[in-house]
Amino acid sequence: MTSNDEYVLQLLTERGYLSTEQVDAARESMKAENETTLDVLLAGGVVDEDIVLGTVADQFGLKYCHVNADAIDPEVTKEVPVDIAKKYGVVPVVANATSVTVALVDPMGYDAVDSLRYVFQGKDVEAVLAPVNEVKTAMDKLYSNDGGAETVTTRDEFAGIDEGTGDDAPVIKLATLILTNAIKLKASDIHIEPMEKEFRVRYRIDGALRKMDSPPKRLQGALISRFKIMSKMKISEKRIPQDGRIQISVGGKDLDLRVSTVPTNHGESIVMRILDKANLSLGLPQLGFLSDDQTTFERLIKLPDGVVLVTGPTGSGKTTTLYACLGQINSPDKKLITVEDPVEYQMSGINQVQVNKDVGLDFSAALRSILRQAPNIVMIGEIRDEETAGIAMEAALTGHLVFSTLHTNDAPSAVTRLLDIGCKPFLVASALRAAMAQRLVRAICEGCKCEYTPTERDLKMLKGLSAGANVQTPERMFHGTGCERCHKTGYKGRKGIFEIFKVDDTVQRLIFDHAPATLLRQRARELGMRTLREDGMLKVSSGLTSLSEVLRVTMGDAD
């Protein structure tokens with residue numbers, strides 16, 4: 001009946017519901033091999049099931065109740081994966097905005113409660129004890145069509161997850177739940193971080209890290225090993241960083257996770273970047289361009305030759321922008337080749353080359369080879385050194401359109417960066433057509449967006465934003481009040497803010513003369529370049545983002 005009948009018999013005897021003689025007599029009368037003493041007592045009416053379960057529930061600090069399958073809202077079960085429900089023998093019975101109540105058949109099912117806390121992030125999970133037959137009936141009815149939440153499986157490691165047994169099963173389930181929940185919350189990164197006294201899990205959602213409930217510290221080693229096995233890393237190697245990849249399927253949708261480990265003082269830290277192929281369907285309008293910038297950028301990416309750079313720090317959406325560009329110009333009459341490290345998304349109709357330094361295939365070696373493939377358009381994942389930059393510039397001068405990324409704070413600084421890594425000024429001046437800097441800001445949630453009167457703090461921020469920039473005070477300001485859709489943050493999704501630096505004859509002369517970035521920026525402003533800050537403020541006025549978001553990502557923006 002329960003996972004430990006002898007313990008239950010002891011409880012019932014101590015509380016006076018059974019005598020020692022009754023227990024001994026039941027033991028003597030057992031006939032079937034799988035029959036227990038408690039089964040005999042229940043079948044003979046010596047003790048009532050409600051008394052047994054009520055006593056056990058009280059001992060474990062739980063409530064005891066009956067479960068009526070017809071009274072449970074089927075919508076509640078959609079939040080609990082069917083494999084979790086069946087694995088641990090639980091059914092959700094009541095749920096609201098802040099809590100969920102689940103019925104258990106085993107009062108010692110700690111793994112079930114811990115697992116469900118990951119399913120219901122931010123909610124209190126209350127467990128009640130219920131009769132086995134009632135829970136089974138409810139489960140059969142509510143999950144008859146596998147109507148629970150989508151489950152996540154890997155194409156190799158998770159093929160038999162429901163068959164997991166022994167001590168490894170809870171770790172497998174916990175790893176699955178961490179991945180499932182991250183995808184459910186539309187996180188871009190999962191951070192698994194061993195601390196001195198805790199094992200921290202954080203998700204990056206809309207660019208901001210959010211701490212989740214911490215798994216038990218005792219599971220740190222097993223959970224890290226599980227993720228390393230899934231990523232096809234060496235689990236015995238804990239002294240050096242490793243990289244790997246996990247392929248998973250969620251509700252029939254394929255996702256890739258790029259996994260990185262690094263040794264720290266308290267264990268190996270793991271970061272998993274979730275690469276959602278749905279991002280490939282993003283067009284330029286979905287990136288957040290204002291109409292005039294979009295027109296300018298569309299003209300640039302349709303040039304017959306030259307170098308177009310997208311700049312910004314890590315995590316600013318550069319790769320997504322490049323993929324959107326390739327998607328826009330990809331057609332049967334053009335040959336497109338990319339060189340990436342790693343290939344983040346598989347794109348139909350495009351030849352993608354994966355850098356492999358172990359065999360000598362770095363960016364420069366790959367570029368030299370693909371130029372002999374006679375491409376029309378080349379995309380380089382990142383320009384990192386003089387040789388790669390030089391080949392890119394020469395490719396542009398021989399009739400190729402080249403896209404790439406660069407790490408700089410603003411668009412005009414791309415020129416300075418290229419010169420600093422050793423590019424010849426005449427090559428940069430001749431080949432570079434434009435550089436676009438970008439940042440990502442969180443978009444105000446449409447479900448709770450409302451107009452508001454600027455506070456004194458907002459006015460102070462506006463004053464700071466206006467310093468050194470052509471910024472007008474927005475006539476209207478908006479913010480998100482927080483709702484279920486945005487998990488009470490007031491933000492849902494991200495959009496880009498941009499500054500586009502075009503190279504004209506005057507800029508070419510400045511580059512050839514090795515002019516400083518300040519002069520290049522001054523000329524760009526004369527050509528009508530809108531800075532990141534100014535673009536952000538226009539999006540504040542339109543209600544796309546908030547003042548604090550623009551301030552957060554444009555602190556270094558100057559005229």
Side-chain angles (χ1 to χ4, degrees), residues 254 256 275-311 317-356 361 363-383 388-406 414 427-436 438 496 498 500-504 508:
D254 292 336
D256 284 345
L275 306 175
D276 187 350
K277 294 179 181 178
N279 291 335
L280 293 180
S281 62
L282 291 178
L284 294 180
Q286 287 75 47
L287 297 179
F289 283 105
L290 295 175
S291 58
D292 56 342
D293 273 352
Q294 183 175 328
T295 300
T296 299
F297 195 63
E298 285 179 344
R299 182 180 61 80
L300 290 169
I301 65 175
K302 292 177 181 177
L303 292 172
D305 54 41
V307 175
V308 176
L309 297 174
V310 180
T311 77
K318 301 186 297 296
T319 302
T320 300
T321 297
L322 287 183
Y323 277 119
C325 293
L326 295 179
Q328 179 116 347
I329 60 180
N330 186 18
S331 61
D333 63 327
K334 296 185 178 71
K335 179 160 185 173
L336 281 70
I337 301 183
T338 72
V339 183
E340 305 171 65
D341 184 21
V343 173
E344 294 194 357
Y345 302 101
Q346 300 285 344
M347 295 191 72
S348 176
I350 296 178
N351 301 278
Q352 296 174 270
V353 178
Q354 167 75 56
V355 168
N356 187 349
L361 186 64
F363 275 107
S364 56
L367 273 174
R368 283 192 296 267
S369 298
I370 67 172
L371 290 178
R372 293 193 288 272
Q373 296 279 311
N376 300 99
I377 299 164
V378 176
M379 192 269 271
I380 307 169
E382 182 183 346
I383 291 178
T388 303
I391 296 172
M393 299 297 159
E394 290 172 2
L397 293 177
T398 55
H400 302 86
L401 179 60
V402 180
F403 296 108
S404 190
T405 68
L406 206 60
L427 277 179
V428 178
S430 303
L432 186 64
R433 297 290 179 264
M436 182 180 75
Q438 70 176 64
F498 309 92
I500 301 176
F501 168 55
K502 295 176 292 186
V503 177
D504 68 349
Q508 284 183 327

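Every heavy atom of this structure was used, including side-chain atoms; hydrogens, water molecules and symmetry mates were not.
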One should read off an interatomic distance between Ile500 CD1 and Leu300 CG, to the nearest 0.5 angstrom, of 6.5 Å
Could you tell me the separation between the CE atom of Met379 and the CD1 atom of Ile350, rounded to the nearest 0.5 Å? 7.5 Å
Under the side chain to side chain contact (heavy atoms under 4.5 Å, CB included) test, which residues partner Ser364, sequence neighbours left out? Asp362, Arg368, Glu387, Thr388, Ile391
When rounded to the nearest 0.5 angstrom, what distance separates CD in Gln508 from CZ in Arg433? 7.0 Å
Is there a donor-acceptor contact under 3.5 Å from the side chain of Thr405 to the main chain of Gly381? yes
Test side-chain contact (heavy atoms from CB on, under 4.5 Å) on Leu361 and Val353; report intermediate values, then the result. CA-CA 10 Å; Leu361 186 64; Val353 178; 4.2 Å; yes
Expected output: side-chain Asn376 to main-chain Lys335 donor-acceptor under 3.5 Å: yes
Straight-line distance of Gln373 CD to Ile337 CD1, nearest 0.5 Å: 5.0 Å
So how far is it from Leu427 CG to Glu394 CD, rounded to the nearest 0.5 Å? 6.0 Å
Okay, side chain of Gln438, backbone of Gly317: is any donor-acceptor separation there less than 3.5 Å? yes
Going by side-chain contact (heavy atoms from CB on, under 4.5 Å), Phe403 matches just one of Val308, Leu309, Val307. Which one? Val308
Using the test ring-ring contact (aromatic ring centres under 6.0 Å, His included), find all partners of Phe289 that sit at least two apart in sequence or belong to another chain. Phe297, Phe498
Is there a donor-acceptor pair under 3.5 Å between the side chain of Thr398 and the backbone N or O of Ala395? yes
